[in-house]
Amino acid sequence: MEKKVRVRFAPSPTGGLHLGGVRTALFNYLFAKKNNGTFILRVEDTDQTRFVEGAEEYIVACLAWCGISPDESPQVGGNYGPYRQSERKDTYKQYAEQLIADGYAYYAFDTAAELDAKRKEFPNFLYGQATRMDMKNSLTLSEEEVQELLAKGTPYVVRIRVPEDEHVSFVDLIRGHVSFDTNLVDDKVLLKADGMPTYHLAVVADDRAMEISHIFRGEEWLPSAPVHILLWKYLGWEDEMPKWVHLPLILKPDGNGKLSKRDGDRLGFPVYAQNWTDPKTGDLTKGFKELGFMPEAFINLLAMLGWNDGSDREIFNMEELIASFSIDRISKAGAKFDFEKAKWYNHEWIKHAEAAKLAPLVAAQLSENGIQVADGVYLEKVIEMIKDRCHLLTDFLTQSAYFFVSPKDYDLSAVKPKWTTAKTAFYQEFAQELKNFDTATALEDKFKELATAHEIKPGELMLPFRIMLVGGKFGPGVFDIALTLGADEAISRINYALEALN
Ligand code: GLU
């Protein structure tokens, strides 16, 4: 019988959440939802040295923002808990001991200094089949010596004993048949001197305990797969082993290697989902959310990094992604990250979003900048007019502020040198007319007619008019702006600018 679909996103709480991590969570989630399965968030916090305060809460918040809600997690609970590995500590030791008893693992007593010395002597040193018999461990020491060291409380780790001259082969649902030469795989530490398991032991024990059916994770974990597969086998669980799905890497824009946070800093785009403040240094790393991405756009663009539905279609909401998702359409090749394309997705989502949905976001931005919006209908009208010009939600502030408050700074430098009294006369007359028109075309016709009467080319008058109303050289059609502002406000802005120009 096919196992019920149960998948997990298993981040280590070590800092900000990289967009590759969110994509892993997303693919797990899509697969679970598509197959009426369960999506689990498991926190892999066994490495005390890398643990960062607040990172778990941050991961939970990022997933919530993206609309990826776990069915089981430290926060929501579930029947397979606890969902933090540090709280499962007691379960791992017995497995390490079982592996030792069965000859699949061994105690290693080498001190940090001894290991360092080896690494100095052999820069490519691997603790494994070629070297393990030169080291201080229960394979080289006698039974009595081992017992004595243990009785004395000598610090030790437990290592897996990777077999010699074998191949570990398995099927990856994206890559097909994959095989590793065991002579190139090192004897990974399974249990550390502090009694905590390493990731390798904990991940296998928990994937089994939580009845995980498919392991979706980044390709960077592929080299660890042979160790995990050996553990599934050595612990006697081979029949229960989940299916493997190693997702393609997300690459730097030039395709040269995995995209890192440093690339984002260097090239000026975010790599984390949300703002992350390092609790030790206080350093802030910007996230997609705060930069002005819609969560719908963010998950859409992530889904397209390494997946497509077989057509040219690029825009999908979460329901559509769930309906179309299939492992067959995930590519093997890494996906280059392109920030311009990411902004394109956001622009598409903003353009097609209802003004009513955007209104609270825009009102909040305006309010943060001291502009209180009283009239919701007016706000939605403004949003409708400008949303095509916004690639980021943060663009709404500049694009909309002048609809609510008169511009403080006028970019008159381009206008002033060519200013004439005839132009002043034109605007004085045009201002009188503003009240009489309620369509942009009719107002524009009047504008042109008056320009001709004053013997000025309408083209020379258009830019000054825009600057009078907006403060700068941007925004939608200037006659639309004038009508939206209303005649009184437009007239007052014209008069104010005329004073500055004369
Ligand atoms: N804790 C690992 C990580 O931080 C999980 C890898 C896996 O999914 O097996 O990505």
Side-chain angles (χ1 to χ4, degrees), residues 16-27 29-30 61-68 250-253 259 261 263-276 284-309 312-322 324-325 335-366 368-369 379-380 382-401 474-476:
L17 185 56
H18 187 282
L19 60 94
V22 186
R23 191 199 53 178
T24 300
L26 177 65
F27 283 16
Y29 179 79
L30 296 177
C62 289
L63 295 184
W65 175 63
C66 293
I68 302 173
I250 298 181
L251 304 174
K252 298 179 203 295
L259 179 74
K261 181 179 108 42
D263 299 316
D265 296 343
R266 185 170 57 88
L267 300 167
F269 57 76
V271 169
Y272 288 166
Q274 289 187 195
N275 274 5
W276 167 252
L284 170 79
T285 309
K286 274 243 174 196
F288 278 86
K289 178 183 175 191
E290 290 79 1
L291 200 81
F293 273 77
M294 290 180 69
E296 292 86 349
F298 187 52
I299 58 153
N300 188 168
L301 73 94
L302 288 182
M304 304 312 285
L305 287 171
W307 176 86
N308 63 64
D309 76 342
D312 292 338
R313 179 169 174 194
E314 293 183 285
I315 301 297
F316 294 84
N317 66 23
M318 187 71 101
E319 272 77 57
E320 292 162 343
L321 286 173
I322 292 169
S324 329
F325 188 74
K336 280 187 214 162
F337 180 72
D338 175 351
F339 187 55
E340 290 311 311
K341 184 76 193 195
K343 284 202 290 193
W344 176 84
Y345 278 103
N346 205 45
H347 189 210
E348 288 299 304
W349 273 94
I350 289 178
K351 274 197 304 198
H352 296 113
E354 304 251 327
K357 182 182 159 102
L358 296 168
L361 298 166
V362 180
Q365 275 184 41
L366 288 166
E368 274 165 33
N369 287 278
L379 174 63
E380 286 186 25
V382 168
I383 291 174
E384 222 32 91
M385 281 173 78
I386 60 170
K387 64 181 186 177
D388 280 15
R389 298 171 181 273
C390 299
H391 284 78
L392 298 169
L393 290 172
T394 40
D395 294 341
F396 275 99
L397 180 63
T398 340
Q399 295 289 346
S400 71
F474 61 95

Note, Asp395 side chain near Arg389 side chain (heavy atom, < 4.5 Å): no
Student check: side-chain heavy atoms of Phe396 and Ile350 closer than 4.5 Å: yes
Ile386 side chain near Pro476 side chain, heavy-atom distance below 4.5 Å: yes
Rounded distance (nearest 0.5 Å) linking atom CD of Gln399 with atom CE of Met385: 11.0 Å
Derivation of the side-chain contact (heavy atoms from CB on, under 4.5 Å) call for Ser324 and Trp307: CA-CA 10 Å; Ser324 329; Trp307 176 86; 3.9 Å; yes
Lys343 and Phe269, any side-chain heavy atoms less than 4.5 Å apart: no
Separation between CZ of Phe337 and CG of Leu251, rounded to the nearest 0.5 Å: 12.0 Å
Validation row: Trp349, Phe298 side chains within 4.5 angstrom (heavy atoms): no
Leu19/Leu259 under side-chain contact (heavy atoms from CB on, under 4.5 Å): CA gap, chis, key distance, verdict: CA-CA 9 Å; Leu19 60 94; Leu259 179 74; 4.1 Å; yes
Leu17 side, atom CG; Cys66 side, atom SG - distance, nearest 0.5 Å: 8.0 Å
Intermediate values then yes/no, side-chain contact (heavy atoms from CB on, under 4.5 Å), Met318 and Leu30: CA-CA 8 Å; Met318 187 71 101; Leu30 296 177; 3.9 Å; yes
CG on Leu305 to CZ on Arg23, rounded to 0.5 Å: 6.5 Å
Minimum heavy-atom distance between Glu384 and Ala355, given as atom pair plus value: OE1-CB, 3.4 Å
All side chain to side chain contact (heavy atoms under 4.5 Å, CB included) counterparts of Lys351, not counting sequence neighbours: His347, Glu348, Asp388
Nearest atoms (heavy-atom pairs only) where Ala25 meets Leu63: CB-CD2, 3.8 Å
Check: Glu314 and Trp344 side chains under 4.5 Å, non-hydrogen atoms: yes
Nearest heavy-atom neighbours spanning Ala303 and Leu321: CB-CD2, 3.7 Å
Heavy atoms of other groups near Glu320 CD, more than 12 under 6.0 Å: yes
Val382 vs Val362 side-chain heavy atoms within contact, under 4.5 Å: no
Leu366 CG to Leu361 CG distance, which is reported to the nearest 0.5 Å: 11.0 Å
Contacts under 3.5 angstrom, residues 284-297 side chains, donor-acceptor by atom type, not counting sequence neighbours:
residue	atom	partner	partner atom	Å
Glu290	OE1	Asn275	N	2.8
Glu290	OE2	Asn275	N	3.3
Glu296	OE2	Lys357	NZ	2.6

Rounded distance [0.5 Å steps], CE in Met304 versus NZ in Lys341: 8.0 Å
Asn346: partners by side chain to side chain donor-acceptor pair (under 3.5 Å), with sequence neighbours left out: none
Beyond-backbone contact of Val271 with Asp265, side-chain heavy atoms, under 4.5 angstrom: no
Atom of Val22, atom of Ala273 and distance for their closest heavy-atom approach: CG2-CB, 3.9 Å
Backbone of Ile315 reached by a side-chain donor or acceptor of Arg313 within 3.5 Å: yes
